Amino acid sequence: MSYLEYTVKYVPTGPRKVLYLNWPLALLLAAVAGVGFLMLYSVAGGSFSPWAEPQMKRFAAGFVLMVMIAMVPIWFWRNMASLAYLGSLALLLAVEFFGSVGMGAQRWIDLGFMRLQPSELMKVTLVLMLAAYYDWLPPHRKSRPFWVLLPVLLILIPTALVLRQPDLGTSILLMAAGGGLMFLAGVHWAYFAAVFAAGAGLITAVLQSRGTEWQLLKDYQFRRIDTFLDPSSDPLGAGYHITQSKIALGSGGWTGRGFMQGTQSRLNFLPEKHTDFIFTTLAEEFGFIGAFSLLALYALIILFCVVSALANKDRFSSLLTLGIALNFFLFFAVNMSMVMGLAPVVGVPLPLVSYGGSAMLVLMLAFGLAQSAHVHRPR
Amino acid sequence: MKGPRVDTEANHRLFTRRAALLGGVQLAFVAGLGARMQFLQVDQADQFRLLAEENRINVRLIPPARGEVFDRNGVPLARNVPSYRIVIVPEDAGDVEEVVARLSQVVPLDPDDVERAMAEVKRSAPFLPITLADEVSWEDLSRVSVNAPALPGVTPEVGLSRVYPLGSDYAHVLGYVGPVSDFDLERIEDQDPLLRIPRFQIGKVGVEAKAETALRGKGGAKRVEVNATGRVMRELDRREGTPGSDLQLTIDAKLQSYVQARLNNESASAIVMDVQSGDLLAIASAPTFDPNLFVRGISSRDYNALTENKFRPLASKSVQGAYPPGSTFKMITAMAALEDGLIGPDETVYCPGHLEVAERKFHCWKRAGHGWVDLQNSLKQSCDVYYYDLALKVGIEKISAMANRFGLGVRHDVPMSAVASGLTPTKEWKARVHGQDWVIGDTVNASIGQGYLLASPLQLAVMTARLASGRAVEPRLVKSIDGIEQPARGGDSMGMNENNLRKMRRAMYEVVNDRRGTAYGSRIIEDAMRMAGKTGTSQVRNITAAERARGVTKNEDLPWERRDHALFVNFAPYDDPKYAVAVVVEHGGGGSTAAAPIARDVTLQAMYGDEPPLEAYPTKDRDRIREQQRVLRGMQPLANISGKDQA
């Protein structure tokens, strides 16, 4: 089919659009968020405050936001892509100059009603921007050096800003998501091979830079890498988090210690138990069965996104949907790897489960875009 | 651009391929995460479960109650009483300084304690209680309870603290307890984890230290659940320990208090021993001190006062002190000669007032001499020349051997600190220690308990008991442990010629009861209770020929440190010996004037079990004794209380 054969009549209009939402996906999101409420209730010692209740309100708000975004035609969002990207970039710069310092890093701007982390927003707008870019770019140019350099810059500029905050975890996620989108768009595989080779070289350089004047990472980042490689080297210091997290996970066994019976979280042995390490509480209290179920829910979300994307004949929509799915995947994959001792502790929350306002809203915003793509797909 | 735009077929195929590839990678990663989960949660679950338990469960020791100590009649000598502390939990108090200021208006607080506590508040976790005041009285504690609403975070705590109800009377026997010090930890080869408890109390000296193992007991343990910061969340279970064993001593509290009072503040010591069983009924050393001061931690001012006192109140002179036994040793010299058959009890020796040996003159205390004396007369009048003569015949080796058989120069196994072994010299000993040859003059000196000879009051009491009974009685201090009677050791016949022993006892009887005896002034006139004894006056300086020519300086004219030691040993009743007594008054002058009256009073007190009637004393002494008894009554904590009423 060509563009001219396509007419708006295939697309549902008016309130009926709600019926065309990807409801299985929406229900999966609600199920994961429900797991989050349960765990936040548990880590608060059986109380809705201080975490479960605000989280539920945020999810409700996020869900409404998702539906509202889904109601707006996808081509509107496509047209907004550059604007959204530039806006996010501006916010990142604003953080650079006016941002509040939390946990030793400049990460958020206080908007009064909520604290916004522009880096979170950038994860979505970057995907949006790249999808629009490849939608606009004639396919035969996509592997030409200039047209490859352009998206690379689009990725590296926000990445550099986030890295300066410093937030290593988010900057890696940005690069991975951006790179993934370029891969999906069909950029020649040789570029990726080159990047992997360069990446390996860079890692070597970073490790070599340690202790020299041109040190590329902060000391605490190096220490995290050290303790990731050998948690027992510092069991009471930085390795404490990983060790305690693994103990919590492991002590869960098959069926877990029971709801609100996890000693590791209840007795505060777990760090950040309501945010980055919430998965360990789940694993401790509900065991392998509970932890694996959550993993399965996540995998199903990805699966539904992939199915939706493949069924969508609109290039922008399918790229966007898969980009969002990739983002989501990176989120939980990095977090779970981290708490299971497979990756260094980089400070990435568990999507929809960890307590946190901006991450939740931005995710729902992203899924709103995916829903819009689903609703407004060519039929 | 408006509306959706459909991808070209070729492009979409490429997209699908790439999407499938990326999806595959994601799926593989998810599978990897699942495998990792399975590895941690299923394969290694047991190991991690164990680690989680180790995290949360803490084992805390429960210190056992220390065994108590009683006298032979059940009078408590060392007890555990509840002691109250005021502690503050900073996190409950909020403004700690404000609360402490309010508390100080309710109860008196030591500024030093407060300063130390405030420093601790800054250092330790906010939920840990910090002691503000120790040993708080019940009244103060009540005031804190009444004012509790105004004192958030302030709570009373109860513990056990060691108390010695009869205080200074038992300072030397029992010793005292104190918190374990680093020094103690280095010294004792004891792996008991109880010792690692901060401020755990262990015996430092005396019976408290020597019977530490029995008194301490076994610690219990409780398992508590703690959170990551160490706060105790709840107790899971507990296993009670075994309290320490209660000790019953052979000491008679009433007699002990009397003896201690009778010695008063002289630098003196006395022992009362059961002649038959060897039970030590009183072990007194004066001056003494209050052991309760040490339990709480003695102030340096008080401690310096004790260490700088020239009468050495901290020393347990009755077992640690080693003195030249002086004339009290004459029984040993005589027994050595008699048992060797070198001389009969009735054979006489001529005393011209001195004896010349190896061109050196050895004087008798009586310059004019005693004339012809036999055993009885020589002992009665304490003639020196008789014993010079005997010693020259029998030799030092046999004298020393005899002394050892009577318990001199032997370290007796009594659970007190630094029990002295004394000294009975031999030729080999002098060559080894001094690198000199034994000379005949050494033997002459030893014959009257001078020279190298050293004995403790405990050893003199053992010697007297053995003379009185003819059996090798051993001193015993611990009567029973947890109600189980401890066996008396020794007590076998010494295998001496009974006739010699009888003659010796008779001679000792004459010392006290014959008008010419050196201790006649301290006799007992109640017939059933007559005592037999021997005075001793041991020199602590050499009397030069020049001084002797001038006339020997009287004791009263000498500085205290250079006066003679006064000694007296006795047993009573003469007919059926029950008690052996040894008294040493350091630098007290003559044995007959300084030591014998004390020994007599102590002996009477022991025999009557209470204040003796005046009829037991010679008529002319009764007014003086009545006054003395009145004074002593006021000094004894147990004078008007008997038995277990104290408890």
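Keep in mind that this is a model prediction, so the values were computed, not measured. All values below were derived from every heavy atom in this structure, side-chain atoms included, with hydrogens, water molecules and symmetry-related copies excluded. We name chains A, B, ... by the order of the sequence lines, and we start the count at 1 in each one.
For A:Phe329, the part lying under 4.5 angstrom from a heavy atom of chain B is the side chain only. The contact between A:Leu310 and chain B is made by backbone and side chain atoms together, counting heavy-atom distances below 4.5 Å. With a threshold of 4.5 angstrom between heavy atoms, A:Phe279 approaches chain B through side-chain atoms but not through N, CA, C or O. When heavy atoms are compared at a cutoff of 4.5 Å, A:Leu319 approaches chain B by way of both its backbone and its side chain. With a 4.5 angstrom heavy-atom cutoff, A:Leu330 does not touch chain B via any of its atoms. Contact annotation for A:Leu322: only side-chain heavy atoms (C-beta onward) come within less than 4.5 Å of a heavy atom of chain B.
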Item checked: side-chain contact (heavy atoms from CB on, under 4.5 Å) evaluation trace for A:Leu184 with B:Arg17 -> CA-CA 9 Å; A:Leu184 286 171; B:Arg17 274 206 307 280; over 6 Å; no
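For residues 247-255 of chain A, heavy-atom neighbours of chain B at less than 4.5 Å comprise A:Ile247, A:Leu249, A:Gly250, A:Ser251, A:Gly252, A:Gly253, A:Trp254, sorted by residue number. For residues 28-38 of chain B, heavy-atom neighbours of chain A at less than 4.5 Å comprise B:Phe29, B:Val30, B:Leu33, B:Gly34, B:Arg36, B:Met37, B:Gln38, sorted by residue number. The contact list for residues 40-54 of chain B toward chain A, using heavy atoms and a distance under 4.5 Å, reads B:Leu40, B:Gln41, B:Val42, B:Ala45, B:Phe48, B:Arg49, B:Leu51, B:Ala52, B:Glu53 by residue number.
In this structure, A:Phe332 CZ and B:Gln26 CD are separated by 7.5 Å, a value rounded to the nearest 0.5 Å. To the nearest 0.5 Å, atoms CE (A:Met340) and CZ (B:Phe39) are separated by 12.0 Å.
The backbone N or O of A:Asp314 sits nowhere less than 3.5 Å from a side-chain atom of B:His12 that would complete a donor-acceptor pair.
Counting heavy-atom neighbours within 6.0 Å of A:Phe192 CZ, excluding the residue itself, gives a total above 12. The neighbour count for A:Tyr20 OH, taken as heavy atoms of other residues, nucleotides or ligands under 6.0 Å away, does not exceed 12.
Judged as a salt bridge (charged side-chain N to carboxylate O under 4.0 Å, His left out), and not counting sequence neighbours, the contacts of B:Lys204 are B:Asp184.
The nearest pair of heavy atoms linking B:Arg18 to A:Val187 is NH1-O, 2.6 Å.
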